[in-house]
There are 2 protein chains.
Amino acid sequence: MTSREESAETLRRAGHRVTSAKLLVMEALRHAGDHLSATSVIYQVRRDAPHVSESTVYRTLGALRDSRLISETTFGHGEVAYEWLEKRPHHHLVCSQCGVVYELSDEVVIGFAKQLSDTHGFDADLQHLAVPGICLDCSRGSEVAGK
Amino acid sequence: MTSREESAETLRRAGHRVTSAKLLVMEALRHAGDHLSATSVIYQVRRDAPHVSESTVYRTLGALRDSRLISETTFGHGEVAYEWLEKRPHHHLVCSQCGVVYELSDEVVIGFAKQLSDTHGFDADLQHLAVPGICLDCSRGSEVAGK
DNA sequence: CCCTCAGATGCAACAACTTGCAAGAGCGAG
DNA sequence: CTCGCTCTTGCAAGTTGTTGCATCTGAGGG
């Protein structure tokens, strides 16, 4: 089964119609294998199919996010990043100083979610968390610079 | 000392100039004592001083956020919410279904931050976290509805 | 009390989305 | 194969927030 057919099947299972616009957006995110900004997705899609409008891409991204096929994350104060969700759930540590993004394994986050559930009865939906902060390199660097 | 004078003093300590625009933004957030959207802040400020431009309010909010005088939080997929930071750090549980926002004590979050520090050497900056999920009421409600 | 200048502001253009509406297109029924 | 319902899409206008630039002003130095 080709990648396109898989995508089509996934769409159907999620209750969407199979349209070229949705397939293009999905393929762009799958092949990127990384975070893509909405703008990048638009660029990728329109490179193959210039007739697809921006609003369609935005709406498709929203629909795929609602169906849990892709994740939507806000890194810092910039654009929104989208990512194909085939892998295990994972999270990110974003350094506010150097901007580097580290992957964070799910375990620590699961423990956190369990605590929220135990203490507040709140069923946290932490499918894709972005935690701001200062990475090791930067905190070392500023110590040196501070002296 | 009046509230305005306190705000002025706070501004000076943070290395800002004391201007009427900044004071108005600060007063709006202090008196609200709750989250305000950027739009609400603009409305409040311009009610007292119609000449202040939107961009000034946005820039002021950004500057105050950078100086850690106010917090900036993204609830769900809507606008950005600002809040005066006089109280202890606190966090929020946002129900994706009913939209209710619960306060979350700092303790659970501190534990989470410590884990990130221990396992990844990452100094997380969780001054104002918003956790999406489903609240107790809604998860009960959907159980009943589902039967 | 006046000068100076970096920081603050207003304005308008720009960027990043969102939405209303009419036209188009999957896909299940017949 | 055709019909028709409903989901999608394109277009254009509307929000929400950001940025470049010229002007203005708070506040320390003279």
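Computed over heavy atoms, backbone and side chain alike; hydrogens, waters and symmetry mates excluded. Order of the sequence lines fixes the chain letters, A, B, ..., with proteins taken first and strands second; residue numbering starts at 1 for each chain. This is a predicted model, so every value here is computed, not measured.
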Margin query: I want to check one thing: is the phosphate of C:dC11, taken as OP1 and OP2, less than 4.0 Å away from some side-chain N or O of B:T56?
Written below: no
Checklist line | For atom CZ of A:R13 and atom C1' of C:dC27, their distance in whole Å | finding: 18 Å
Notebook entry, point to check: Does the C:dG26 base have a donor-acceptor partner in the side chain of A:R12 within less than 3.5 Å?
Noted result: no
Check: On a plain distance test, is the side chain of A:R17 in donor-acceptor contact with the base of C:dC27 below 3.5 Å?
Finding: no
Notebook entry, point to check: Please give, in whole Å, the distance from D:dT19 P to B:L61 CG?
Noted result: 14 Å
Notebook entry, point to check: Can you tell me how far C1' of D:dT15 sits from OH of B:Y43, to the nearest Å?
Noted result: 18 Å
Margin query: Between A:R30 and A:S7, does the side chain to side chain donor-acceptor pair (under 3.5 Å) criterion hold? Intermediate values first, please.
Written below: CA-CA 9 Å; A:R30 292 182 71 164; A:S7 295; 3.0 Å; yes
Notebook entry, point to check: CG of B:L11 to OG1 of B:T60: how many Å apart, nearest 0.5 Å?
Noted result: 9.0 Å
Notebook entry, point to check: Is there a donor-acceptor pair closer than 3.5 Å between any side-chain N or O of A:T119 and the backbone N or O of A:Q115?
Noted result: yes
Next item on the list: Would you mind classifying the nucleic acid contact of A:S55 as base, sugar-phosphate or nothing, using non-hydrogen atoms under 4.0 angstrom?
Entry: base
Note to self: Regarding D:dG10, can its base be found pairing with the side chain of A:R59 as donor and acceptor, where the two atoms are less than 3.5 Å apart?
What the structure shows: yes
Notebook entry, point to check: Has B:Y58 got a side-chain N or O lying under 4.0 Å from the OP1 or OP2 atom of D:dT18?
Noted result: no
Notebook entry, point to check: Rounded to whole angstrom units, what separation is found between the CD atom of A:E9 and the C1' atom of C:dG26?
Noted result: 15 Å
Next item on the list: Round to the nearest Å and state the distance from B:R65 atom CZ to D:dG17 atom P.
Entry: 12 Å
Next item on the list: Describe the nucleic acid contact of B:A63 in one word from base, sugar-phosphate, nothing, applying a heavy-atom distance below 4.0 Å.
Entry: nothing
Next item on the list: Measure from CZ on A:R46 to P on D:dT9 and round the result to the nearest Å.
Entry: 14 Å
Next item on the list: Could you state the atom-to-atom distance from CG of B:L23 to C1' of D:dG26 in whole Å?
Entry: 12 Å
Note to self: Return whichever of B:T19 or A:S20 has its heavy-atom-nearest nucleotide of DNA chain D closer to the 5' end.
What the structure shows: A:S20
Next item on the list: Respond yes when some side-chain nitrogen or oxygen of A:H51 is under 4.0 Å from OP1 or OP2 of D:dG10, and no when none is.
Entry: yes
Checklist line | Mutual orientation of the aromatic rings belonging to B:F112 and A:F112 [parallel < 30°, tilted 30-60°, perpendicular > 60°] | finding: parallel
Next item on the list: Using a cut-off of strictly less than 4.0 Å, decide whether A:H16 has a side-chain nitrogen or oxygen near OP1 or OP2 of D:dT8.
Entry: yes
Note to self: Please tell me whether A:T73 and A:H35 have a donor and an acceptor in their side chains that are separated by less than 3.5 angstrom.
What the structure shows: no
Check: A:E54 has an atom CD; how far is it from atom P of C:dA16, in whole Å?
Finding: 9 Å
Notebook entry, point to check: Reckon A:K22 has a side-chain N or O less than 4.0 Å from the OP1 or OP2 of C:dG26?
Noted result: no
